[in-house]
Every structure is written in structure tokens, then in C-alpha cells.
Asker: 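First the structure, which I've put down as C-alpha cells, then a few questions once you've had a look.
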Number of protein chains: 2
Amino acid sequence: MSASRQTASGRQLHHPDRDEIQLEAVLSALADPVRLRIVRALAQGHDDMACIAFDLPVSKSTSTHHFRVLREAGVIRQHYEGTSRLSRLREEDLEARMPGLLTAVLNAEGA
Amino acid sequence: MSASRQTASGRQLHHPDRDEIQLEAVLSALADPVRLRIVRALAQGHDDMACIAFDLPVSKSTSTHHFRVLREAGVIRQHYEGTSRLSRLREEDLEARMPGLLTAVLNAEGA
DNA sequence: ACCTTGGTACGATAAACGTCGTACTACGAT
DNA sequence: ATCGTAGTACGACGTTTATCGTACCAAGGT
């Protein structure tokens, strides 16, 4: 009700703090084809995309699952915007903790 | 019999060619704590180490399993030397396919 | 010839993962 | 007030994964 409401559903999305981001969790998160696809799409300028806009080859629930894995690993940040949930890469945080990792993954061959 | 025998047991270890190395396989391989430990040890100058020399917190058979995952992902190269099997990082191949990735993983915090 | 050492092979098992469908909720528009 | 849209929650299911123990094999030394 107040001005700074979290938009939508009081449900709070858990995001790890920058210094809580774990390498293994990030690697696991990036090791899945669907999630890698999401990350690539976000990196290609499509910042702040709604989940639905990715046109993923999986069902809605599976999609939700993958976004959660990415969020809980600290790879993306999500926030509500009306009925949608927008995602963006946590580029700065990742760069601070694991310099060069995201860039290397995005530029890699063999994907 | 001939001079170029593969040393020990005719059993051949399968290694992917450089251009067959897949990003997802590498990321999966590196996403495990035991395997990350192996890779770190290999990177710290301990090239050509026998499996046993890593002092891993798992059984022999599990150890064999992890080395196979790393090898089949293209992260390490293994060859027989008498009764031991020596491992080394495929740094050049990884750098060629995924520039900066290995370095980023080795330098990352949160591991 | 024997034993030790380093490692593989083969199950077995328990946990984690990716997938789905159905039911549900929240917001926005009609 | 109703409906559509975007997404969640939950439970189920099948597959993959990490782990182990036991049995085995190959190379080297005694």
C-alpha cells in the first residue's frame, strides 16, 4: 500500500548477496542448455525481459524452475513489474566475484 | 611389442578432440567440488599427477569416476605410466575453445 | 612365484535434477 | 465482477549423478 511496496504479491524473491555467490552454484546453473540460452538472451541486450519472452522449449513450470535456479545462484536478478517478472543479468556482481567468467562463457565455442 | 605401445593395458582412454569439447560438459565437469579440487591441484604446478596423489575425500572407485568425467569432458588428458595413470590439464585446448574460462574459474572467489 | 600397489568394472543405492500437468494466485483490462 | 495473462506451488515421474563396496586386473618388486 505504501509507495515503496515491492510491486505485486508480497512474495519476496530471494537473491544471494554478492559475497554469497558460490562458484559451484554458478557453474551448475550455467551447465544447463535451457539456462545457458536464457543467459545468452539476456546478454544480447535483452535486459529486463519477462520470462515468457524467451520462447523456451519447455513448459511454464519448468521455465519457472530454471529462472529460480539462475536467481538463487546469483546469476540473474528478478523483480516484479505488474503481472510479469523481469530478469536481468547480475553482470557486475559476477564480475566482482568471478572476473572474466561470464564473458568467457558467452564467448565460448562448443555450445 | 612395438616401441610406441600405449604403455600398460591395451585399454584405450577416450579423449574428445579439441573441437569436440562442449561448453556444457566442461561447466558440468567443473561444477562438482571434488572435480574442482582436482583441477585446482593440477593447475598449481602439480602436472602429471597420479590419481592417488590427490588425497581426495572419496573412495577409489568414486575417484576413478571423477577423473573419467573430467577426461570425457576434455578438461584433462590421462595416460598410463606403469601402474599409475597420470593426469594433466588440457590448458591449451581449453584456452582455444573457451578463452579465459579456465583462468576465470581458477581465480574465482566463492569456491 | 608371490604380494603389493594403483586403478578399473560392475552393481547397488540414495539423492538430485529436469520435466510435466494441474490447481492456484495476482494483476490488469474489459 | 469477470476474464485473461503471467507466473507460482505442489506432486509425480523418469533419468542422471555421486557414492560406495566388492571383485578384478596389470605392472613392478621381492
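In what follows, chains are A, B, ... by sequence order, proteins preceding strands, each numbered from 1.
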Asker: Using atom CG of L56(B) as one end and atom C1' of dC20(D) as the other, report the distance to the nearest whole Å.
Answerer: 15 Å
Asker: Is there side-chain contact between L36(A) and E24(B), with at least one heavy-atom pair below 4.5 Å?
Answerer: yes
Asker: Tell me: NE2 of H14(B) to C1' of dT8(C), nearest whole Å?
Answerer: 18 Å
Asker: In whole Å, what is the span from the CG atom of D55(B) to the P atom of dG7(C)?
Answerer: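 Taking atom P of dG7(C) as the reference, CG of D55(B) is at 13 Å.
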Asker: Rounding to a whole Å, what distance do you find between Y80(A):OH and dA26(C):C1'?
Answerer: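 One finds 9 Å between C1' of dA26(C) and OH of Y80(A), rounded.
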Asker: Output a table of nitrogen or oxygen pairs between the protein and nucleotides 12-19 of chain C separated by less than 3.5 Å.
Answerer:
unit_1	atom_1	unit_2	atom_2	d
dG18(C)	OP1	R35(A)	NH2	3.1
dG18(C)	OP2	R35(A)	NH1	3.4
dG18(C)	OP2	H65(A)	NE2	3.2
dT19(C)	OP2	H66(A)	NE2	2.4

Asker: Can you check side-chain contact (heavy atoms from CB on, under 4.5 Å) on V75(A) and I38(A), steps first, answer last?
Answerer: CA-CA 11 Å; V75(A) 177; I38(A) 293 171; over 6 Å; no
Asker: Figure out the CZ/P separation between R85(A) and dT8(D), and round it to whole Å.
Answerer: 4 Å
Asker: Is the distance from OP1 or OP2 of dT5(D) to the nearest side-chain N or O of T83(A) less than 4.0 Å?
Answerer: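 Checking dT5(D) against T83(A), no side-chain N or O comes under 4.0 Å of OP1 or OP2.
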Asker: Let me know the distance between CD of Q78(A) and C1' of dA26(C), rounded to the nearest Å.
Answerer: 16 Å
Asker: Quick one: which residue pairs count as a side chain to side chain donor-acceptor pair (under 3.5 Å) with a foot in residues 96-111 of chain B, not counting sequence neighbours?
Answerer: none
Asker: Could R37(A) and D32(A) be called an ion pair, given the rule that one side-chain N must be under 4.0 Å from one carboxylate O?
Answerer: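 So R37(A) does not pair with D32(A) through a salt bridge.
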Asker: Nearest whole Å is fine: how far is dT25(C) P from K60(A) NZ?
Answerer: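 Checked: the NZ to P distance equals 14 Å.
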Asker: Say whether T62(B) and S59(B), considering side chains only, have a donor N or O and an acceptor N or O under 3.5 Å apart.
Answerer: yes
Asker: Output the rounded distance in Å from CG (L30(B)) to P (dT17(D)).
Answerer: 15 Å
Asker: Closer than 4.0 Å, any side-chain N/O of R68(B) to the OP1 or OP2 of dG7(C)?
Answerer: no
Asker: Looking just at side-chain N and O atoms, do R77(A) and H15(A) make a donor-acceptor pair shorter than 3.5 Å?
Answerer: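 Note: R77(A) and H15(A) side chains miss the donor-acceptor criterion.
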